[in-house]
Amino acid sequence: MRRRRAGGRTMVERASKFVLVVAGSVCFMLILYQYAGPGLSLGAPGGRAPPDDLDLFPTPDPHYEKKYYFPVRELERSLRFDMKGDDVIVFLHIQKTGGTTFGRHLVQNVRLEVPCDCRPGQKKCTCYRPNRRETWLFSRFSTGWSCGLHADWTELTNCVPGVLDRRDSAALRTPRKFYYITLLRDPVSRYLSEWRHVQRGATWKTSLHMCDGRTPTPEELPPCYEGTDWSGCTLQEFMDCPYNLANNRQVRMLADLSLVGCYNLSFIPEGKRAQLLLESAKKNLRGMAFFGLTEFQRKTQYLFERTFNLKFIRPFMQYNSTRAGGVEVDEDTIRRIEELNDLDMQLYDYAKDLFQQRYQYKRQLERREQRLRSREERLLHRAKEALPREDAEDPGRVPTEDYMSHIIEKW
């Protein structure tokens, strides 16, 4: 009789535990569907998101308002960059956009399996793949100005494949995949910075400006100065030269110049030329793997890391005190600079909106995943607490008190 009662009690306890597990599983699935189901909000009343004070990156601007519509495919930008394969990052370096600092980040500040070899006194670093002696980075500080000084989109897309084929002359190989990146800057600040740079003696006269297989003629691209350089020029002189490549430089360097006859200004009417250049620059910018903004260093770092799944060792710093920032100009001069750079102003407005939307999209995805992981952990913790103590502590079989008493009496 005693054995029957004990056996009956055991069966009841097992049945109760089974019902408890089934009920707990059903509740868990219902709660999980509520928070992760399609079309439902991931925010739960009383739910707490992970603390943001441990996050190094700034939160999205709550006052930012979208100006342009971009589909999700333009915002995602999560690439499978294969450093051990044949993928190559190509950095399009536009003058006075902070590209020198960013270029150094790429060769000195990225956490790599095989870091770039940067030796003192040398202008270039060796950035090999982990598995073979081939470069994964095409930039000023890795391959030098192999396609010309500050080569633009038109030059790079026609030049880079051949340069790398000559450098890494392996026989038959899988075609490389190129990921173009660049930085943009507020046009007025960039223009003033370029003027100050030219004023100190910079010329960039060794730039090739290759387009459709040739360089521009002196008639197509006349110089703005006589002599070896334009040092000491005033801002007014800088603005008065109609051939100054500083005007709308960012649009020109991002557009496909073949569409407008390269530097032949008589190829198509001026108004149509400007529109074609702007639309081409926008298209190429959208198609790039990544672009950053000089005015948003930390967000630029965040997007680069999430795009290429690479991490920087040290955080980017935001330097607000630049040479351009120290230039005092009146409102009339600023308006004149904006007129000279009207295409750049439109491009930057477009780029800034796309940049902010990409940043917000990435942040929302990450926070959503964090909330979901946090809730799953809490549910699992509560489920463990709800189990009987003996099951929670040791899922294996534990000798009962009656069995132990029987052993002791026998001995």
**Request:** Start with the C-alpha distance between E134 and K84, add both sets of side-chain angles, then the distance that settles salt bridge (charged side-chain N to carboxylate O under 4.0 Å, His left out), and finish with yes or no.
**Result:** CA-CA 10 Å; E134 290 183 5; K84 294 183 179 180; over 6 Å; no
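- Cation-pi check for R196 over W230 is not met; the charged atom does not lie both under 6.0 angstrom from the ring centroid and within 45 degrees of its normal.
- The sulfur atoms (SG) of C116 and C125 lie 2.5 Å or more from each other.
- Contact between D229 and S231 at its shortest, heavy atoms only, is OD1-OG, 2.8 Å.
- Put simply, the side chain of T154 gets close to the backbone of L257: a donor and an acceptor are under 3.5 Å apart.
- Remark: D152 CG to C211 SG distance equals 8.0 Å, nearest 0.5 Å.
- E305 and Q301 form a side-chain donor-acceptor contact under 3.5 Å, judged by distance and modelled atom types alone.
- Applying the side-chain hydrogen bond (donor to acceptor under 3.5 Å, both in side chains) test between R176 and each of D165, D86, D87 identifies D165 as the sole match.
- Within a 6.0 Å sphere centred on OH of Y68, other residues, nucleotides and ligands contribute more than 12 heavy atoms.
- Salt-bridge formation is detected for the pair R306/E366: a Lys NZ or Arg NE/NH1/NH2 atom is positioned less than 4.0 Å from an Asp or Glu carboxylate oxygen.
- In this structure, a donor-acceptor pair under 3.5 Å is absent between the side chains of Y191 and R185.
- For the ring pair (Phe, Tyr, Trp, His ring centres under 6.0 Å) test with H105, the passing option among F304, F91, F316 is F316; the others fail.
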**Request:** Verify salt bridge (charged side-chain N to carboxylate O under 4.0 Å, His left out) between D82 and R80, making sure each step is shown before the conclusion.
**Result:** CA-CA 6 Å; D82 186 6; R80 294 183 178 180; over 6 Å; no
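- In terms of heavy atoms, A151 sits closest to L92 at O-CG, 4.0 Å.
- Checked options L285, L184, L303; the residue passing with F355 is L303 (criterion: side chain to side chain contact (heavy atoms under 4.5 Å, CB included)).
- No side-chain N or O of R214 forms a donor-acceptor pair with one of Y263 less than 3.5 Å apart.
- The side-chain tip of R190 does not point at the ring of Y348 from less than 6.0 angstrom away and within 45° of straight on.
- Considering D332, D344, L192, N247 as possible partners of I337, the one that fulfils the side chain to side chain contact (heavy atoms under 4.5 Å, CB included) test is L192.
- In this structure, the ring of F70 has its center less than 6.0 angstrom from the ring center of Y350.
- Side-chain contact check for T100 and R104: no donor-acceptor pair (N or O, by modelled atom type) lies under 3.5 Å.
- Open room surrounds NZ on K177; 12 or fewer heavy atoms of other groups in view lie less than 6.0 Å from it.
- Here the side chain of T294 pairs a donor or acceptor atom with the backbone of T97 at under 3.5 angstrom.
- Side-chain N/O atoms of R167 and S146 include no donor and acceptor closer than 3.5 Å.
- Proximity of a side-chain donor or acceptor of E279 to a complementary backbone N or O of L276 within less than 3.5 Å is not detected.
- Side chains of H381 and E377: a donor-acceptor N/O pair is absent below 3.5 angstrom, by distance only.
- Side-chain polar atoms of K66 and Q360 form no donor-acceptor pair below 3.5 angstrom.
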